[in-house]
There are 2 protein chains.
Amino acid sequence: MRRAREEQRTCVGPHLDTSSIEALEHTPVTPPTPRPRERGIPEATVARLPVYLRALQALNASGTPTISSEGLATAAGVNSAKLRKDLSYLGSYGTRGVGYDVEYLIYQISRELGLTKDWTVAIVGIGNLGRALANYGGFGTRGFRIAALLDADTAVVGREVAGLSVRHIDTLEEAVKMEKVSIGVIATPAAAAQGVCDRFVEAGVTSVLNFAPVVLNVPPGVDVRKVDLSIELQILAFHEQRKNGGHGRPGWIEAAEGL
Amino acid sequence: MRRAREEQRTCVGPHLDTSSIEALEHTPVTPPTPRPRERGIPEATVARLPVYLRALQALNASGTPTISSEGLATAAGVNSAKLRKDLSYLGSYGTRGVGYDVEYLIYQISRELGLTKDWTVAIVGIGNLGRALANYGGFGTRGFRIAALLDADTAVVGREVAGLSVRHIDTLEEAVKMEKVSIGVIATPAAAAQGVCDRFVEAGVTSVLNFAPVVLNVPPGVDVRKVDLSIELQILAFHEQRKNGGHGRPGWIEAAEGL
DNA sequence: CTGTGTGAAATTTTTCACAGCG
DNA sequence: CGCTGTGAAAAATTTCACACAG
């Protein structure tokens, strides 16, 4: 019922890039396979489920047994109408006049997101960012297992990070197969990202989380999500500019008009 | 003309959270000031401008003088109709029958995003992630200047990171005022994030980029953007689950030739 | 009575498709 | 002629508002 259009290749959510700069001179890259995705949940809702999940886990940790849509919405930073609509896509898991059972809803959302399975992750690029990711304990609290860390720098290879020994990038294919990696994380410099991505894809990985500031080019069927620090900053800058005509905090009388 | 509704507090873009879990038991937090934002450019477009900008900079670096909407769209991973529509909000900067002048368009987008001004950034939480951010040279290539690094850990305070001496968190207010910080970046553990945010806001910062896995509660007029690693992973997991019923790679290793 | 679940309305975003400029 | 710029149509998302279940 929803989603029948094609959006470039197979991408999901906001900020998902796919093509590479070099592809520019070549093929129009108009993929013939939109992959309809007939199943129900809207993308916008999927993107919020993890937020609800985290709020619920906090609630659960603090011993709250049930929560109203209003309360959960506040905790998640959305309005209650949106929350109820989102949850309604999963099913009717609330109790009218009462609210939602926190634990039950945690279970349902986790199941929907596929977190009852264990996803194996490989991180390529063990610089500061890669290390931060590797050490990020709460990688979904559960559901994700970091199985391999890889880097091209021989000074890093062999070093122990987050309890794992960093492998050489040359063993990527082997690592993917041995560990059954399903999600590849790219935390390399921009120049290396596409190459790493290609190798991930070649090895059979169909989900990639990209931290490098490049648009990755992937074949249909592969999902790429991108996290881009400078893009987020630029968006903030745009709004900041709109708020007070220039730099500084409000209250700063910076005659920075024009330029 | 566009945007008249209110969406929680003053937030921008996807994944922007605001309230905190504790607020849950208290006030409905319904701000009376929606801040209309009558000015033109759609939020969805703003979020893509940085992507176009980066693609253009790559083009420029490779010596390409002009580019068609088709070419730029491919480089940016969107379709050309969307690209043209987006650019049309900025003005008519293209030449029919030809395309866009790369340098000129770079200038126009930069100006629109407010990158011709310099934004001053302070990062709180100098763990692996904070260090990664501090060292991330291409913080927008330009437009952003990291002016202060702060941490609560006395073992880190005083250490030099990315050419800056890490200050103690107690000097946050002072640092914000002295350096005229306009964007605060939070890379602390979840538990500390709201407190740091409150101090940023109190000190006059109205734009916050949050890497901590919590929903921040801010007053109206303050923009919060959130980058959340585990949320991105969970979204990928959802789609991965949809693709092949379980873990592992799909059997159809129909890789792309690439290079 | 309270608060969920939901059709329907409103808004935003994307896509189409084509007039017309260079 | 090719490619931009853009009204108009289509699709997706958000919000409203209320019937009704517990």
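Residue numbering restarts at 1 for every chain, and letters A, B, ... go by the order of the sequence lines.
Using a 4.0 Å cut-off, no side-chain N or O of N79(A) falls inside it from OP1 or OP2 of dT14(D). In this structure, K85(A) does not reach the dT6(C) phosphate: none of its side-chain N or O atoms is under 4.0 Å from OP1 or OP2. Within the 4.0 Å cut-off from OP1 or OP2 of dT4(C), at least one side-chain nitrogen or oxygen of S69(A) is found. Of the side-chain N and O atoms in Y89(A), none sit less than 4.0 angstrom from OP1 or OP2 of dT14(D).
One can place CG of L83(A) at 10 Å from P of dG5(C), the figure rounded to the nearest angstrom. Summarising the geometry, the separation between CG on D86(B) and P on dT15(C) is reported as 10 Å, rounded to the nearest angstrom. In this entry the distance linking CD1 of I67(A) with C1' of dT4(C) reads 14 Å, nearest Å. Straight-line distance from the CG atom of L87(A) to the P atom of dT15(D): 15 Å, rounded to whole Å. At whole-Å resolution of the value, CD in E43(A) and C1' in dT14(C) are 15 Å apart. For the pair L72(A) CG and dG3(C) C1', the interatomic distance rounds to 13 Å; values are reported in whole Å. For the pair Y100(B) OH and dC21(C) C1', the computed distance is 13 Å after rounding to whole Å.
Taking every side-chain heavy atom of S92(B) into account, dG5(D) is the closest of dG5(D), dT13(C), dT15(C). When each of dT13(D), dT14(D), dG5(D) is scored by its nearest atom to the side-chain atoms of P42(A), the top-ranked nucleotide is dT13(D). Of the listed nucleotides (dT13(D), dG5(C), dT15(C)), dT15(C) has the atom at the smallest distance from the side chain of K82(B). The R48(A) side chain lies nearest to dT14(D) when the options are dG5(D), dT14(C), dT14(D).
For the residue pair S88(A) and D86(A), no side-chain donor N or O sits within less than 3.5 Å of a side-chain acceptor on the partner. Checked by atom type, the side-chain pair Y104(B)/Q108(B) shows a donor-acceptor distance below 3.5 Å. Defined by atom type and a distance below 3.5 Å, a donor-acceptor pair is missing between the side-chain atoms of R111(B) and T116(B). Neither side chain, S207(A) nor R225(A), offers a donor N or O lying under 3.5 Å from an acceptor on the other.
Checked against the 6.0 Å centroid criterion, the rings of Y93(B) and Y100(B) do not qualify as a close aromatic pair.
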Q: Under the side chain to side chain contact (heavy atoms under 4.5 Å, CB included) rule, what do Y89(A) and E112(A) come out as? Steps first, then yes or no, please.
A: CA-CA 10 Å; Y89(A) 289 116; E112(A) 195 63 52; over 6 Å; no
Q: Check the pair V214(B) / R54(A) against side chain to side chain contact (heavy atoms under 4.5 Å, CB included), numbers first and verdict last.
A: CA-CA 8 Å; V214(B) 269; R54(A) 180 169 292 148; 5.9 Å; no
Q. Would S62(A) and N60(A) count as a side-chain hydrogen bond (donor to acceptor under 3.5 Å, both in side chains) if you check the C-alpha gap in whole Å, the side-chain angles of each, and the deciding distance to 0.1 Å?
A. CA-CA 5 Å; S62(A) 69; N60(A) 196 39; over 6 Å; no
Q: Kindly indicate, with the supporting measurements, whether the criterion side chain to side chain contact (heavy atoms under 4.5 Å, CB included) is fulfilled by L72(A) and L105(A).
A: CA-CA 11 Å; L72(A) 181 52; L105(A) 195 49; 4.0 Å; yes
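Terminal axes of the helix from dC1(C)-dG22(D) to dG22(C)-dC1(D) (five pairs each, C1' rotation axis) are separated by 10°, to the nearest 10°.
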Q: Produce a footprint string for nucleotides 17-22 of chain D: one letter per nucleotide, 5' end first; B if the base is under 4.0 Å from any protein heavy atom, S if only the sugar-phosphate is, - if neither.
A: B-BBBS
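At a threshold of 4.5 Å between non-hydrogen side-chain atoms, the residues V201(A) and P219(A) count as touching.
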